[in-house]
Amino acid sequence: MNEPFRDPELSLARRVADLQGRLTLEEKIGLLHQYQRPVERLGLGPFRTGTEALHGLAWLGPATVFPQAVGLASTWDPDLVRRVGEATSDEVLAFHHKDPSGAGLNVWAPVVNPLRDPRWGRNEEGYSEDPWLTGVMATAYASGLRGSDPTVLKTAPTLKHFLGYNNETDRCVTSSDLPPRVLREYELPAYRPALASGAAVAVMPSYNLVNGRPAHLSPLIGEVLRAWAPDDLLVVSDAYAPANLTGLQGYHDDLPEAYAHAIRAGLDSFTQDDDRPEATLGHLRAALERGLLTEADVDAAVRHTLSVRFRLGEFDPSTPYDDITEAVVNCPEHQSLAREAARRSIVLLRNDGVLPLDTSVRRIAVIGQLGDTLMEDWYSGTLPYAVTARAGLAERCETVFCEAVDRITLAVEGTDGRHVVADPHGGPLGVGDEPGLFDLFDWGGGCYALRAVETGRHLSVDDDGVLVNDQPGPNGWEVRQTFRTEDRPRGALALRHISTGRYLALDGEVFRLADDADAAAWFTVERIVSGAEAAAALAATADVAVVVVGDHPLVNGRETEDRLDLALPAAQQAVVAAVRGANPRTVMVISSGYPVTWDIDDPPAVLWSSHGGQEYGHALAEVLFGDAAPEGRLTQTWYRSACELPDLFDYDIIASDATYQYFRGTPLYPFGHGLGYTTFDYADLAVSVEGGDGGDGGDGGDGGRVTASVTVTNTGSREGVEVVQIYTRQRRSRVKQALRRLRGFVKVRLAPGESTRIDWGLDVAELAFWDVTRGRFVVEDAPHKIMVGRSSRDIRLCAPFHVDGERIPPRDALAGPIAAVDHDEYDSVTFVDADRVSGDAVRSTAEGAWIVFRAVDLGEGAASCTAVAAGEEGGVITLRLDDPLYGPVAGDLPVPRAGRHDLVEVRAGLAEARGVHDLYVVFENAGITVASLSFGEAG
C-alpha cells in the first residue's frame, strides 16, 4: 500500500490527516469506544485502550511484580522509578506481541492524584501527598513506559485520575470542592510535568464531580491539559463512568445528550459496556442526528486517538521495539530490578540500636500473619514467585516462624452444644459434635477472616449465599471472605458478611446468608490457642524477633472502599506487645499501602515498606543485616491519629491545615522522614537571588533564580545514603502560605568521613501562588526562608532570602465582574457549577453562610450591585463591610427562586460605600447560588 498515512517520512500531522480523510463518518464513530472497530478496507486493525501497568503488568498472568507505587516513590529515586517503568513496558510489549487483542499498548498508569488523605482506599496507587514530588515520580515512570525513542512510543501512558479524586465513599456522586488556589497550587501541578514533557500522552478523568460538575465534563481538559501537552492528548473515560452522567449523577436527561457533552468537553474514548460498543456508538449516532454533535466534534476526538496510534508505530513498517519477546517477562534482570526497588523503598522509621543485625544473630523468630506471605493488590500483577520475609531471612540464618493468629472454635447456640465444622472438600460448612478449628485473622477496622485448619482454606460465601471453605484468602473484586462481629447477649456474637451486609444464619445443616438480623445464628467463641502467647513463647527462644504486621490490600481499604481509621489491627498490636515483652530485640516491620498508627509502646526498631513485590523478603533481609543502608523516605505525613485529619471530603488543604504543607500538629513521623545506619552533618548553607523582579503579569517571574549550596558530611562509621531535602517558606504574604513546601532533593551516597557540596537552584517563578484577585500566578515582594534537612521537620540549616516581586493591589470593584469563587475565605458554602458547560459558583449550605473578598476598592462610591444568582427557595444576599455579623450593611439583594442552572441577574442599590473594605457576601438563606458580583458607580 502506498497511502501517505503509511509513510513514516511524512509529518505526523499530515499522516493523521490523510488517514482521517479516508474514513467515513460511521468508521470514525467506531473509533470512539475503548474497543475500536477495525477498518478492513484500509488495513486498520482493532485497537483497545486500557492495559493496567501501575507497578508492573497486571491482570494478564504472571509478570514481574514491583513494589506498589507509593513504595516506588519512597525510594526518592526518579531514575530507579524510570527503570521500573521501562521494565514494565518491556513486559507489556512481550504480551502484546503474543496477543495483540489481549494486551493493548495504551497503558493506564501512572496515578497522579496527590495523596491528600491517607484514608483513601487507593492510597497505595499514588506517589505522594506533595504534588511536586508526585509530578517528578509520575514523569519518571511514564518516561520508562513511553520508551527512549524520540518519535515512536513504546507504550502510551495514561495519567489517572483527573481531578480531585481522593475518596471511594460515594465516589460517583460526591463533588470535590476545589477553590482556585487549591486547584492551581495543589491539584493541577501533579499533572503538568508528565504531560508537558511528553512522557504521558493520555489522561483518564475520575468518577467524581468537581465543583458540582462531573470530572468527565470538565472544561479544564481542553483549557489546561491540552494546552500543556506538546502533541495530541488522548482522553479515555474511566470504566462505566459515561453512563453515570445520566445514572448516578443525573447530570443529563439522556445518554445522547450526555455523550455529546462529553465529546465536546474533550473525551475521546468511551470505556463503557466492556467489549460491547454497540450501545455507546448508537448514542453517538443519535447525538449527531439531533444536532448535539457535529462531524467536526467527532473529527477532533478521532484525531487525538489516531495520533497516539500513529506514535505507537502502528502504521510504520517496523518499530524499535519489534524484537521484544516473552523472554523479558520475569527475566533475571527484571527480578534484580524488583529486588533493588524493594530494598531501596524500605524506610527505617525508628532504631534504638537493634539494627543492623550483626553476626552474633544466629536465630530469628519471624512472626505475624504477614510474615510468610506476600500480598497482591487489585492493580498488581500475578506473582511469578514470592520471597516472603520468612524465606528471605531463612537464607541468612536459622529462622522459626509463628503466624501469631488465634485458633478458635465456634459453638452454635441452640444446637445442643454442636459446633461449626468445615467440609474436607471445601464445600458448605455445617454443624457437628466435634468442634472444627479455625484460624482467626484480624485485618483491622472490625474486619475478620477465618481459615479452616482442616483444609487450609478460607471461609467464603458462594453465589447462592452459602458459607463454604474453598478460598486461599481474601480475593477478587467483590471480597467474599471477610466478616464483622456483632455482640449478642451472654457473650455470644453474630457474623455479618461485609460484602453483602447480610448475616450468617443456620439453614438446616448449612449456613446461609439472611437479611434479617433476628435470623442470624449466635456463636460462642472459644480460643484454643492464643496467637500472642504462642508468638511470645517462640520469640523468647530467638536472638531477634521480627514481627511483620500491616494490611491486606484487598481488605483494608481499596478501590470502592475507604478506611475509617489508620490503626494497625488490635490483634496485631497485641502480638507485637507480647513479643517485645518476651524479647527486647524486637523489630516491627510494617507492610502496608498507607501510613498506620499504633497504641502500644514503640518497639526498638520499626521499618515500613509498601507491599514490596516478589523480591520483598530478599530486600528486607539485606536491610536488616546491613548489607544495604536504608534509603527510603516517607512521601506522606504519618499522623498520630485519624482524628488529626479533616473530613475525608474536605479537599481544601489550605483552609483545613492538611498535608505536611499546612499541618500545625506534631506528626508521628513527618513527610520526608527516614533513618539510616550512619549520621550526617550539614554545614555552610549559602543562598542567593539573582535577576528578576517577580512580576511579569504571566506565570509570576521574569527569569530570576534562587540558588543555594550546602555541604553534607557522613560523620558516622558506615557508608550511608542521605536524601537532602530543600524546602522554602514565604514569610509574609497577602494570603495564607504553606508552612513548608518541598522544592527539591538530592540523594547522595557517602563513605565514612566523606563530604560533598550540593548545589540547588529554583526559578523565582516557582515561588508564585495563584492570585484570586487577578486570576493568575504572582510572585510577591516578600521575605522567604530556605530550609535544608533530612525531613520536613528535621531541618538542619535555614537561611533567609528576599524576592523582589510585586505587591497585590486592592481589588477594583468597578473594573468588572468579580467571580464568587475568587473569594479569600468562606464559611458554610460549597462550590458548584455555574452552568453545565463551564464556570464555577458558590452555594450556601446554611443560613448566615458567607464569603469575603479582602481589600476591595469601592472607589469614590459604588452605587449598585448586580449579582448572577438563584435560590432553591429564593432568599436574600446581604453585603456587609468588614465583618459578616456586625459590619455596616451596604445593600440587600433579593434572590429569586430558580432551578440549579437558571441563574439570573439581580440588582440592588447600595448605601454609601466607598474606599477599601473587606466585602462580606452573607447568604441569609441556605441554597442560594452566586456566580458573580458587579458594581456600578453613582450617577
Side-chain angles (χ1 to χ4, degrees), residues 65-67 71 75 332 335-375 383-404 535-550 575-576 579-580 582-591 603-632 674-678 717-721 749:
V65 178
F66 298 96
T75 66
Q335 294 175 11
S336 177
L337 181 60
R339 184 169 181 167
E340 179 187 357
R343 179 181 69 246
R344 297 175 70 182
S345 72
I346 293 173
V347 182
L348 180 60
L349 297 175
R350 171 183 166 83
N351 187 20
D352 195 15
V354 172
L355 299 177
L357 303 178
D358 56 36
T359 56
S360 66
V361 175
R362 302 297 179 89
R363 178 182 170 97
I364 295 179
V366 181
I367 295 166
Q369 59 194 56
L370 284 86
D372 196 28
T373 187
L374 291 185
M375 300 293 187
L383 288 162
Y385 62 86
V387 184
T388 66
R390 177 188 185 184
L393 290 168
E395 295 181 12
R396 310 297 293 262
C397 63
E398 178 190 359
T399 60
V400 288
F401 175 69
C402 176
E403 200 168 20
L538 188 69
T541 71
D543 299 318
V544 172
V546 175
V547 188
V548 188
V549 297
V575 168
V576 176
V579 168
R580 187 188 181 196
N583 189 329
R585 301 187 71 188
T586 293
V587 180
M588 181 168 74
V589 176
I590 305 166
S591 182
V606 182
L607 297 96
W608 171 82
S609 76
S610 71
H611 292 280
Q614 62 198 51
E615 284 285 338
Y616 169 74
H618 285 147
L620 179 64
E622 289 173 343
V623 171
L624 291 178
F625 278 94
D627 300 347
E631 293 187 31
L675 305 177
Y677 294 151
T678 187
S717 59
R718 299 173 61 96
E719 180 182 85
V721 173
R749 184 181 301 274

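Numbering of residues begins at 1 and proceeds along the displayed sequence. Model, not experiment: these values are computed from the prediction. Hydrogens, waters and symmetry mates play no part in the numbers below; they use all other heavy atoms, side chains included.
Separation of atoms OG1 (Thr399) and CD1 (Ile367) is listed at 11.5 Å; rounding is to 0.5 Å. Here Leu620 contributes atom CG and Phe625 contributes atom CZ; the two are 10.0 Å apart, rounded to the nearest 0.5 Å. Considering CZ of Arg585 and CG of Asp543, their distance stands at 7.0 Å, rounded to 0.5 Å. Residue Glu340 holds its CD atom at 10.0 Å from CD of Glu622, rounded to the nearest 0.5 Å. To the nearest 0.5 Å, the span separating CG on Leu370 from CD on Glu403 amounts to 9.5 Å. Interatomic distance, CG of Leu538 versus CG of Asn583, reported as 10.0 Å (0.5 Å rounding).
Counting only heavy atoms from C-beta outward, the side chains of Leu607 and Leu624 approach each other to under 4.5 Å. A 4.5 Å side-chain heavy-atom check between Ser591 and His611 finds at least one atom pair inside the cut-off. Residues Val354 and Val587 meet the side-chain proximity criterion, which asks for heavy atoms closer than 4.5 Å. The closest side-chain heavy-atom distance from Val623 to Arg343 is below 4.5 Å. Between Ile346 and Ser609, some side-chain heavy-atom pair lies under the 4.5 Å cut-off. Within the 4.5 Å cutoff, no side-chain heavy atoms of Met588 are placed close to those of Arg580. For the pair Tyr616/Val548, a side-chain contact is recorded, criterion being any heavy-atom separation below 4.5 Å from C-beta on.
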Test side chain to side chain contact (heavy atoms under 4.5 Å, CB included) applied to Tyr385 and Glu615, step by step: CA-CA 8 Å; Tyr385 62 86; Glu615 284 285 338; 2.5 Å; yes
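Residues Val579 and Ala545 come closest through the heavy atom pair CG1-CB, 3.5 Å. For Ala629 against Gly720, the heavy-atom pair with the smallest separation is CB-CA, 4.3 Å. Pairing each heavy atom of Gly392 with each of Ala621, the nearest pair is O-CB, 3.7 Å. What you find for Ala605 and Asn351 is that their closest heavy atoms are CB-OD1, 4.1 Å. A pairwise comparison of heavy atoms in Gly612 and Ala342 identifies O-CB, 3.6 Å as the closest pair. Residue Pro604 comes nearest to Pro584 through the heavy atom pair CG-O, 3.1 Å, listed as atom of the first residue, atom of the second, then distance.
One N or O on the side chain of Gln614 and one on the backbone of Val65 form a donor-acceptor pair closer than 3.5 Å. At distances below 3.5 Å, not a single donor-acceptor pair connects side-chain atoms of Asp372 with backbone N or O atoms of Arg390. With hydrogens and angles ignored, the 3.5 Å screen pairs a side-chain donor or acceptor of Arg363 with a backbone N or O of Thr541. Side-chain N or O atoms of Arg350 include one that pairs as donor or acceptor with a backbone N or O of Pro603 at under 3.5 Å.
Side-chain atoms of Glu719 and Tyr677 form no donor-acceptor pair, as typed in the model, at a separation below 3.5 Å.
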